[in-house]
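The next block holds one structure in the form of structure tokens; read it before the comments.
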Number of protein chains: 2
Amino acid sequence: MANMSSNDLRRQLEHEIVLGEIVPGTRLDEVALTERFGVSRTPVREALQQLSMMQLVEIRPRRGAFVKKMSLKELVDMFEVMAELEGTCGKLAADRMIDEERDKLKELHLITEPLVKNKDYDGYYRANVAFHEAIYKGSHNDFLSDQTKSLRNRLTPYRRLQLRQSNRLNNSFQEHAEITEAITSGNKEMAEQLLGTHVTVQRGSFNDFLASLPMDLIDQSA
Amino acid sequence: MANMSSNDLRRQLEHEIVLGEIVPGTRLDEVALTERFGVSRTPVREALQQLSMMQLVEIRPRRGAFVKKMSLKELVDMFEVMAELEGTCGKLAADRMIDEERDKLKELHLITEPLVKNKDYDGYYRANVAFHEAIYKGSHNDFLSDQTKSLRNRLTPYRRLQLRQSNRLNNSFQEHAEITEAITSGNKEMAEQLLGTHVTVQRGSFNDFLASLPMDLIDQSA
DNA sequence: AATATAAATATTGTATACAAGAATTGTTGA
DNA sequence: TCAACAATTCTTGTATACAATATTTATATT
């Protein structure tokens with residue numbers, strides 16, 4: 001397979017950046033990456049160019065590539081858009097899902113009940129992703145689905161810690177119940193409204209949300 | 001200035017693709033581009049990698065880079081998202097614009113009146129862009145603003161011909177009047193609703209919109 | 001000792017060289 | 001004449017070489 005080394009490299013780095021394994025602000029040294037991946041600088045540079053277009057790294061001319069640090073303002077803006085996109089997915093899903101998809105959504109919700117009971121955070125995290133992606137798909141709008149998924153992905157490092165907090169797990173489950181009911185019953189306004197607030201606030205105040213953000217990952221200078 | 005050749009190249013090609021000067025489906029030959037821009041293959045390839053991440057070109061392994069052809073489904077999906085984003089911008093702008101911005105919006109609308117009277121399509125096209133971008137900025141959400149602008153940009157080749165049609169100019173002006181009124185008076189629901197339909201339908205049927213699409217630019221195979 | 005300046009060192013950006021796979025052309029056989 | 005195969009040519013993907021700019025280190029001067 002060809003042109004895979006630069007694409008593979010990009011995917012790998014993307015993964016590590018999104019998961020926060022590479023801390024925002026760190027410089028991505030080209031030769032270090034060549035040694036790590038056993039390739040020349042050419043595919044490394046092509047991968048970095050790709051990541052810069054994805055807004056995951058910032059290429060400063062003649063200075064190198066840096067994992068992008070987002071300011072609090074940028075982050076809040078992105079979460080606001082995320083909320084809108086999730087809401088739109090919900091609205092369209094309530095309208096367009098076929099019976100099979102509605103059944104599947106119910107199922108994806110119900111299987112999380114034991115996970116909540118057992119406080120299985122990792123398990124719930126994965127099931128939560130599946131639940132939301134089912135809604136994206138249910139919009140029957142591939143572009144919207146991809147955009148939403150991609151933005152969710154980019155916000156991952158700033159969301160990972162949230163579920164661990166106090167009774168977020170219970171809150172999330174409760175909200176999922178309402179969302180599932182709204183979508184499967186075709187109540188699009190309700191689905192949109194519920195999903196629009198679900199992402200960020202989760203029945204808490206916005207201040208709590210802000211406080212939950214890992215501030216060390218945030219660019220204080222901007 | 002450094003790393004500018006690959007970025008400049010990307011910008012130039014992006015411009016030409018978005019304006020439809022390079023027809024979707026055409027292959028972008030690397031050596032041809034090196035000759036045209038007087039650079040080596042390295043920056044050419046980096047530019048193509050960037051464009052592939054922007055979904056403007058498709059890189060088929062060992063086959064080359066092709067200007068992306070969008071299927072009708074993809075296009076409809078993108079316009080649907082565009083409508084949502086425009087609506088969101090309007091909603092937030094109605095809420096957040098400061099007095100100065102509201103005045104500016106009124107002005108940007110009013111200066112288009114003579115352009116409509118004189119059927120100055122190019123002039124109106126430019127003024128229209130300025131009007132809408134003022135709304136994006138008025139959302140006070142830079143991420144949303146950038147995303148909306150970028151998507152509008154990508155849809156340009158499929159929108160250029162629309163304004164020329166029958167009395168689209170008058171319709172557009174009339175709708176802008178209502179939008180301006182809604183935003184400046186802070187009626188966010190109205191602003192969202194008006195902008196959500198303005199992009200695509202412009203007081204016509206959706207079928208008319210579909211019929212207005214330049215079908216030769218659309219991938220029939222997909 | 002601290003700062004400024006200059007040499008050296010390292011890193012990015014670009015061009016070229018080489019390797020591997022695709023497309024094309026030409027030839028052979030039915 | 002057409003189809004199938006083979007050799008050639010072309011194009012992409014990767015590595016390396018060279019050029020230009022930042023960064024670091026060393027030296028000199030106050």
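The structure presented is a predicted model; accordingly, all values stated were derived computationally and were not measured. Here is the naming used below: chain letters follow the sequence lines, and residue numbers restart at 1 for every chain.
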What's the [atom1]-[atom2] distance between [X] and [N], to the nearest Å?
| X | N | atom1 | atom2 | value |
| --- | --- | --- | --- | --- |
| B/L48 | D/dT11 | CG | C1' | 13 Å |
| B/E35 | C/dT16 | CD | P | 13 Å |
| A/N7 | D/dG13 | CG | P | 9 Å |
| A/E46 | D/dA15 | CD | P | 11 Å |
| B/F66 | D/dT12 | CZ | C1' | 11 Å |
| B/D29 | C/dA22 | CG | P | 17 Å |
| A/Q50 | D/dG13 | CD | P | 11 Å |
| A/R45 | C/dT14 | CZ | C1' | 8 Å |

Base C/dT12 paired with A/R62 side chain (donor-acceptor, <3.5 Å)
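Looking at the base of C/dT12, it does pair with a donor or acceptor on the side chain of A/R62 (distance under 3.5 Å).
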Per the atom types in the model, does the base of C/dG21 pair as donor or acceptor with the side chain of B/R63 at under 3.5 Å?
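For B/R63, whose side chain was compared with the base of C/dG21, there is no donor-acceptor pair (under 3.5 Å).
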Counting just side-chain N and O atoms, does [X] come under 4.0 Å of either OP1 or OP2 of [N]?
| X | N | answer |
| --- | --- | --- |
| B/S5 | C/dT14 | yes |
| B/R41 | C/dT16 | no |
| A/T42 | D/dT14 | no |
| A/S40 | D/dA15 | yes |

Pick the closest DNA chain D nucleotide for B/E30 and for A/V39 by heavy atoms, then say which residue is nearer the 5' end.
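Going by which nucleotide is closer to the 5' end, it is B/E30.
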One pair to check against salt bridge (charged side-chain N to carboxylate O under 4.0 Å, His left out): B/E133 and B/R152. What are the steps and the verdict?
CA-CA 10 Å; B/E133 288 189 357; B/R152 185 191 193 84; over 6 Å; no
With the side chain defined as heavy atoms from C-beta on, A/R27 is closest, among C/dA15, C/dT12, D/dT14, to C/dT12
Return the orientation label for the B/H176 and B/H132 ring planes: parallel under 30°, perpendicular over 60°, tilted otherwise.
perpendicular
Pair A/Q50-A/E46, side-chain donor/acceptor within less than 3.5 Å
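No, because no side-chain N or O of A/Q50 sits under 3.5 Å from a partner of the opposite role on A/E46.
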Residue that, paired with A/E30, satisfies salt bridge (charged side-chain N to carboxylate O under 4.0 Å, His left out) out of A/R41, A/R36, A/R63
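Among A/R41, A/R36, A/R63, the one that satisfies the salt bridge (charged side-chain N to carboxylate O under 4.0 Å, His left out) with A/E30 is A/R41.
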Contact check, side chains of A/L115 and A/L169, non-hydrogen atoms, under 4.5 Å
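SC-SC contact between A/L115 and A/L169 ruled out.
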